[in-house]
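Worksheet: the structure to be examined is printed underneath.
It should be emphasised that the depicted structure is a prediction, and the values quoted were computed from it without experimental measurement. Below, each value reflects all heavy atoms present in this structure, side chains not excepted, and no hydrogens, waters or symmetry copies.
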Amino acid sequence: MAPSTASHYQRIVRRVLVPALGSVELTALRPQQIQALYSRLLREGRHDGSGGLSKRSVLRIHQVLHAALHHAVRWQLLARNPADAVQAPRAERRELSPLPPVAVSALMAAADATPIGSLVRMAILTGMRRGELLGLRWRDVDLAAGVAHVQQTAQRISGRGWVYRQPKTRLSRRAVALSPATVGMLSGHRKAQLEARLLAGSAWQDLDLVFTSAFGTPLEPGTVARTWRRVLAAAGVGHVRWHDLRHAHATLMLASGVHPKVVSERLGHASVGITLDTYSHVLPGLQATAAAQLDVLLSPAEAEAI
């Protein structure tokens, strides 16, 4: 389990489950109590003025509670899992709205005027996750061959600082081909980083990271988030999440005719099915294009015979 995931689960237990159910004896916990909790969370939230939680948030709470009670059953502390009889909310599917190329270009241009310009371009041009980019080292980048090897991720965990770990799956540990433009961008970024290192002198921390602060330390997520808001304001493209840059990479490649298997490999998905399920519905033109290509392949005589 990723450190950030474990930290998120701990917050759910500490902020939601313990206050709501912590006083109930384990063997006395009933499905009706759990169901009532979910209904209240959807309606009122956590009584902190935040309003009702989303179905997706309550579903995640249910998953954490169900897993904990499942362990209680395995350890013979419970005869059965009371969460099995609870109707968990169904999370709405998040429909993706592909960023048009003009918006992507505007984002890159606006980002170039900030310290995260290279980071934004790398996210768009490779589809790498933020943690993968923040953990990318120069030893993992072969500019001559035009490839970046995803070998680790970096995450800032409250109370623990920076945590580096291998990507969670074998397919996430991958080689991502770099375009000539990306290689050129990284070469310029490396030159600028070497100049920053000279200015920092003995204050520079040599962690071999590609994307760093002015002193070689990892880029703080809060700093990236604040700068990203400035980029959005300058680009005038409305609300765009950082993760949408990964979606932009995938949708632009698919729209350009790149095979979904190749896109899946670049993204590090566990299977091409995940890629198709995530992105095919936002590209309705793909089927029309495929049908038109079939006409081109068939001769007029063959097309009439069908």
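In this structure, Val13 is a member of the same hydrophobic cluster as Ile34, with clusters built from ILVMFWY side-chain heavy atoms closer than 4.5 Å. Note on Leu245: it does not cluster hydrophobically with Leu254, by side-chain heavy-atom contacts below 4.5 Å among ILVMFWY residues. No path of Ile, Leu, Val, Met, Phe, Trp and Tyr side chains, each step under 4.5 Å between heavy atoms, connects Val240 with Tyr279, placing them in separate hydrophobic clusters. Cluster annotation: Leu171 and Val262 are assigned to distinct hydrophobic clusters (Ile/Leu/Val/Met/Phe/Trp/Tyr, side-chain heavy-atom contacts under 4.5 Å, transitive). One hydrophobic cluster, built from ILVMFWY side chains closer than 4.5 Å, cannot hold both Leu194 and Met185; they sit in different ones.
At a cut-off of 3.5 Å, with distance as the only test, no side-chain donor of Ser264 or His269 sits close to an acceptor on the other residue. A donor-acceptor pair shorter than 3.5 Å can be found between the side chains of Arg60 and Gln63. Between the side chains of His149 and Arg173, no donor N or O sits under 3.5 Å from an acceptor N or O.
No side-chain donor-acceptor contact under 3.5 Å links Thr182 to the backbone of Leu178. Remark: side-chain polar atoms of Thr212 are not paired, donor with acceptor, to backbone N or O of Leu209 under 3.5 angstrom. Of the possible polar contacts, none joining the Trp242 side chain to the Arg129 backbone as a donor-acceptor pair under 3.5 Å is found. A donor-acceptor pair is defined here as one N or O able to donate and one able to accept, closer than 3.5 Å; no such pair exists between the side chain of Arg170 and the backbone of Pro167. With Gln35 contributing its side chain and Gln87 its backbone, the two residues share a donor-acceptor pair below 3.5 Å. A donor-acceptor contact shorter than 3.5 Å links the side chain of Asp244 to the backbone of Arg241. A donor-acceptor distance shorter than 3.5 angstrom exists from the side chain of Asn81 to the backbone of His66, with no hydrogens or angles considered. With Ser57 contributing its side chain and Leu53 its backbone, the two residues share no donor-acceptor pair below 3.5 Å. No donor-acceptor pair under 3.5 Å is formed between the side chain of Thr217 and the backbone N or O of Ser213. The backbone N or O of Met128 sits nowhere less than 3.5 Å from a side-chain atom of Arg246 that would complete a donor-acceptor pair.
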Query raised in the report: Passes side chain to side chain contact (heavy atoms under 4.5 Å, CB included), Trp228 versus Val120? Steps please.
Result: CA-CA 9 Å; Trp228 178 240; Val120 170; 4.0 Å; yes
Requested in this report: Using the side chain to side chain contact (heavy atoms under 4.5 Å, CB included) rule, take Ile61 and Leu41 through it: C-alpha gap first, then chi angles, then the decisive distance, then the call.
Outcome: CA-CA 10 Å; Ile61 291 169; Leu41 290 173; 3.8 Å; yes
Query raised in the report: Under the side chain to side chain contact (heavy atoms under 4.5 Å, CB included) criterion, do Leu77 and His71 qualify, and how do the steps go?
Result: CA-CA 9 Å; Leu77 299 174; His71 282 291; over 6 Å; no
Query raised in the report: Would Leu134 and Arg130 count as a side chain to side chain contact (heavy atoms under 4.5 Å, CB included) if you check the C-alpha gap in whole Å, the side-chain angles of each, and the deciding distance to 0.1 Å?
Result: CA-CA 6 Å; Leu134 295 182; Arg130 187 180 69 170; 4.1 Å; yes
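With rounding to the nearest 0.5 Å, the separation of CG in Leu125 from CZ in Arg266 is 8.5 Å. One finds the CG atom of Leu37 at 7.0 Å from the CG atom of Leu17 (value rounded to the nearest 0.5 Å). The distance from the CZ atom of Arg160 to the CD atom of Gln155 is 9.5 Å, given to the nearest 0.5 Å. Atom OG of Ser118 sits about 11.0 Å away from atom CG of Leu133, to the nearest 0.5 Å. A distance of 12.0 Å separates OG in Ser39 from CD in Gln32, rounded to the nearest 0.5 Å. Rounded to the nearest 0.5 Å, atoms OH (Tyr38) and NZ (Lys55) are 15.0 Å apart.
Between Leu219 and Leu119, the closest heavy-atom pair is CD1-CD2, 4.0 Å. Closest approach of Ala72 and Leu26 over heavy atoms only: CB-CD2, 4.2 Å. Between Phe211 and Gln193 the shortest heavy-atom distance is N-NE2, 4.4 Å. Between Val150 and Ser172, the shortest heavy-atom contact is CG1-O, 3.6 Å. Contact detail for Met108 and Arg121: the closest heavy-atom pair is SD-NH1, 3.6 Å. Taking each heavy atom of Leu59 and Ala88 in turn, the nearest pair found is CD1-CB, 4.1 Å.
For the pair Leu21 and Val16, the minimum side-chain heavy-atom distance is 4.5 Å or more. The side-chain heavy atoms of Leu252 and Val258, taken from C-beta on, include no pair separated by under 4.5 Å. Side-chain contact between Val237 and Leu99 is absent, with no heavy-atom pair separated by less than 4.5 Å. Contact check for Leu232 versus Leu107: side-chain heavy atoms found under the 4.5 Å cut-off. At least one side-chain heavy atom of His249 sits less than 4.5 Å from a side-chain heavy atom of Leu267. Two residues are said to be in side-chain contact when any heavy atoms from C-beta on lie closer than 4.5 Å; Val176 and Val147 fail this criterion.
The one candidate from Arg174, Gln152, Gln151 that meets the side chain to side chain donor-acceptor pair (under 3.5 Å) condition with Glu132 is Arg174. Partner of Asp208 under the salt bridge (charged side-chain N to carboxylate O under 4.0 Å, His left out) criterion, chosen from Arg137, Arg139, Arg190: Arg139.
Comment: Glu220 engages Arg156 in a salt bridge, judged by a side-chain N to carboxylate O separation of less than 4.0 angstrom.
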